[in-house]
Structure formats: structure tokens, C-alpha cells
Asks: 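Take this structure first; my questions come after.
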Amino acid sequence: MELDEKKYLYLLLLIPIVVCIFLFNMYWKRRTQREFGDLEMVKRLSPEKSVFKPVLKIVVILLALTCLIIGLVNPKIGTKMETVKREGIDIVFAVDVSKSMLAEDVVPSRLDKSKQLVSQIINNLGSDRIGIVAYAGSAFPVLPITSDYSVAKMFLQSMNPGMVSSQGTSLDEAIKLSSTYFDEKSKTSKLLILISDGEDHSEGATAAAEEANKLGMKIITIGVGTERGGTIPLKENGVVRGYQKDQNGETVITKLNQEGLKTIAKATKGGYVYGGSTKEVLEYVKNALNNIQKTEFEATQMAEFQSQFQWFIGFAFLLLFLDIFLLERKTSWIKELDLFNEKK
């Protein structure tokens, strides 16, 4: 199921407001009746007035309001599952989420720029399957190989330095974890797109890339940051409270290391591109994908999502129509049953 217009779900807050207004109105009427005279006398003066009908009317109105709101949200239901054949490759995005990626020497920050690049690359893909890995001092699986791009972008936006407990930048861990995403027996082409500022605090990144090459993986590295570097802001509720310092109390200046990223890419006969220009990155990745052999594979997906708003809107208007005939006086045949002990 999909919700087409989730923003209208906030209108559900109207329901408790309507209930409060109804309860206050009932309280006000009862208090006014007491001021007018004895309640028993008032009931005798209006013997046809039902106690149950006002409650029934508000329930009907609330149900109608709920249906109208759900209709505005427009839930969609997939009518069937189908298997489709696609031609593409498997791509894993390894995104550096270390604290150095919070540096703002590129706007809005290195990490946000990385997310923008990955999101734009995904938008330009066709039938390829994708996965996502986050890494800092260690690597963390974010999303396994999937063909659902909308889910991938949702997980992408949630990535931050707090999701990996071990800080630093370990490019070899990122490469090793990414290689487990691919099926060794599959003939599908395997591509790792690694985004980082290149500040590797581990050893063996080149060796890990060479092992990946043996598995048939190709690595494209994207450098994010500047060679002049930048400070790492420490923010609290969006406000900068200071800057990252080293063990000697000096402010840390983090710089882009392009050479390390180029070496990793070269080990798999891949390539490196500077991430300063989104247009240039997209063009580079597009050309690289055109030179990689595509493989046909099957993917199961939900198809033929159909809007269901008309059912809810129709039921809402039916309830509102019925409400017209719900008068506050007692119904004769229900009165004879005396279900609510209203006979006096």
C-alpha cells in the first residue's frame, strides 16, 4: 500500500478537536438546563428528545470526517505482483559518514553533498539494482541490493555520523563489506561507487581494492571536500558550539586526499572524479555505466497500484447524507423497544 498525499494525515488532529467541542456543548446544555429548572421537569417538557441520538450523530460525523481525510490522503493498493525482466548492473554506494564529512568547505557540508550526489545518480539510473553502505572507523550495512529506488533514497537521507560508533575513516572496511553485497556466482556486473574525503585512517585500502578486483568488482571513487581543507563544526540543535580539536587542543583541519582515492580506483581499473560539480559527476558516472556490460535479471515488484480515494469519499458523503435524517427526537420503533430505558 502507498499513501499518495501523506501531508493530509495532519487533518486527523481535527477529530479530537471536534470531540472536545461536542463534549463542551453537552456540558453547557446540561448546565443551562439546570439553571432553567429541575432536570426531571425539563425531560417531561420535551418527552420526544433522545439522549442517544446526539451521540449517534457525532459518531457519524466523525466517521465521515475520517473518511474524507483518508480520501484526501489517497491510499493506493497494488493489485498484483509480477515478475519483470530487467537489464542492468548491481551498484553499491559506500558513503563516508565520519565526522570529517561534517566539514563545510563544500556547501552545505561534505556529507550533505555526498547525499545529493548519490541521490542524483540514482535518479539517472535505469534498471540497475542498488545497495548502500555507511562507513567511518568501521562499515555498516544500510540497505541490501534492491530495485526500489524510493526506499534507497529514504535510507540515504537518514545517514549520519552517529550510525557508526567507531570514528575515523576505514576505506578497506567499506570495500570489504561492499563486496559481500554481490553474489560471487552471478554474472551481473558489479560496481562500487565510493564517496569520501579520502582521509583514510586505516591500512590496506589498496589491498582490499585488489581483492575486490579479483571478484570482478569495479570501483569508482568520488572525492568530496577541498585540498585547502576545513574545520569540523560541533553543533547542538543546529547551532555551532565549537570545532573538533585534536589531543593537543588544536583545531582539526580536514583536507581532501585525492591521491588515495585515485589509487583505490586504479587497482580495479575504475576511475576517480572530483565531486565538486554534480553535473560533471553525473556525466562521468553515465559514461562509466555505458561502458559496463549489462546483464538481464528478474525482479519481482508490485504492479498496477490503484487509487482507493473514491471509496472513502463516497462513504463519507453517504454518512453525511444519512446524518440529515438523524433527528434528535426519539425514533418510534426504537422507543417501543426501550433499549436505553428512556420510557418514563
Side-chain angles (χ1 to χ4, degrees), residues 1-10 73 75-76 90-125 128-171 173-182 191-199 201 220-225 230 232-241 244 254 275 278 281-282 285 299 301-302:
M1 177 183 286
E2 290 184 352
L3 299 179
D4 198 29
E5 298 288 345
K6 295 181 180 179
K7 60 185 178 183
Y8 291 116
L9 288 173
Y10 290 109
V73 173
K76 293 181 176 180
D90 287 343
I91 304 172
V92 172
F93 294 95
V95 182
D96 188 347
V97 294
S98 60
K99 285 187 177 179
S100 64
M101 295 296 286
L102 297 176
E104 298 175 347
D105 51 347
V106 293
V107 179
S109 70
R110 294 179 184 178
L111 181 56
D112 288 331
K113 180 65 175 180
S114 299
K115 292 180 181 179
Q116 291 174 7
L117 290 172
V118 174
S119 183
Q120 289 300 315
I121 292 172
I122 292 174
N123 288 340
N124 285 272
L125 295 178
D128 307 295
R129 297 182 298 194
I130 58 176
I132 301 176
V133 167
Y135 68 94
S138 59
F140 178 80
V142 176
L143 182 71
I145 293 291
T146 180
S147 56
D148 193 332
Y149 293 171
S150 60
V151 171
K153 286 192 283 188
M154 181 183 69
F155 276 89
L156 174 68
Q157 295 307 317
S158 66
M159 295 173 68
N160 61 81
M163 66 192 309
V164 180
S165 58
S166 177
Q167 284 303 312
T169 304
S170 183
L171 295 173
E173 290 292 328
I175 296 170
K176 289 176 182 177
L177 178 59
S178 298
S179 65
T180 65
Y181 272 51
F182 302 111
L191 174 65
L192 168 61
I193 298 180
L194 189 147
I195 305 98
S196 176
D197 54 20
E199 282 200 338
H201 299 286
I220 291 177
T221 54
I222 301 175
V224 180
I232 304 173
L234 302 176
K235 294 183 178 181
E236 186 177 323
N237 297 324
V239 179
V240 177
R241 299 298 185 185
Q244 186 74 35
T254 173
T278 301
V281 171
L282 294 177
V285 173
Q301 63 180 22
M302 184 69 75

Asks: Quick one: does S119's side chain get under 4.5 Å of L156's, heavy atoms only?
Replies: yes

Asks: side-chain contact (heavy atoms from CB on, under 4.5 Å) with I145: which of I132, D128, I91, V92?
Replies: V92

Asks: So do the side chains of Q244 and T254 get within less than 4.5 Å of each other, counting heavy atoms only?
Replies: no

Asks: Quick check: closest heavy atoms across D90 and F182, and the distance to 0.1 Å?
Replies: O-CE2, 3.5 Å

Asks: Is L194 close to I222 at the side-chain level, that is, under 4.5 Å between some pair of heavy atoms?
Replies: no

Asks: Taking all non-hydrogen atoms of both residues, which atom of I130 and which atom of Y149 are closest, and how far apart?
Replies: CD1-CD2, 3.7 Å

Asks: Is it true that a side-chain atom of K115 and a backbone atom of M159 form a donor plus acceptor pair closer than 3.5 Å?
Replies: yes

Asks: Heavy atoms, side chains only, cut-off 4.5 Å: are S178 and Y135 in contact?
Replies: no

Asks: Please evaluate residues D96 and L171 with respect to the criterion side chain to side chain contact (heavy atoms under 4.5 Å, CB included), reporting the C-alpha separation (whole Å), side-chain torsions for both, the decisive distance (0.1 Å), and the verdict.
Replies: CA-CA 9 Å; D96 188 347; L171 295 173; 5.5 Å; no

Asks: Enter the distance from I232:CD1 to K99:NZ here, rounded to the nearest 0.5 Å.
Replies: 8.5 Å

Asks: Atom CG of L192 and atom CD1 of I220: how far apart are they, to the nearest 0.5 Å?
Replies: 9.0 Å

Asks: Do S158 and V142 make a side-chain contact, defined as non-hydrogen atoms from C-beta onward lying under 4.5 Å apart?
Replies: no

Asks: Is there side-chain contact between L117 and T278, with heavy atoms separated by less than 4.5 Å?
Replies: yes

Asks: Return the minimal non-hydrogen interatomic distance between E199 and S100, and the atom names on each side.
Replies: OE1-CB, 3.9 Å

Asks: Sequence neighbours left out, what passes side-chain hydrogen bond (donor to acceptor under 3.5 Å, both in side chains) with K153? Give chain and number order.
Replies: N123

Asks: Are any of the side-chain heavy atoms of V164 and S138 separated by less than 4.5 Å?
Replies: yes

Asks: Would you mind checking if E104 and K235 are paired as a salt bridge, meaning a charged N to carboxylate O distance below 4.0 Å?
Replies: yes

Asks: Would you give the length of the straight line joining atom CE of M101 to atom OG of S196, rounded to the nearest 0.5 angstrom?
Replies: 6.0 Å

Asks: For P108 and Q116, work out which heavy atoms get closest and say how close.
Replies: CD-NE2, 3.7 Å

Asks: Could you tell me if the side chain of T146 sits less than 4.5 Å from the side chain of V151, heavy atoms only?
Replies: no

Asks: Restricting to non-hydrogen atoms, name the atom on A134 and the atom on V97 that form the minimum distance, rounded to 0.1 Å.
Replies: CB-CG2, 4.1 Å

Asks: Taking all non-hydrogen atoms of both residues into account, name the closest pair between E173 and G137 and its distance.
Replies: CG-O, 4.4 Å

Asks: Working to the nearest 0.5 angstrom, can you tell me the gap between K176 NZ and S170 OG?
Replies: 7.5 Å

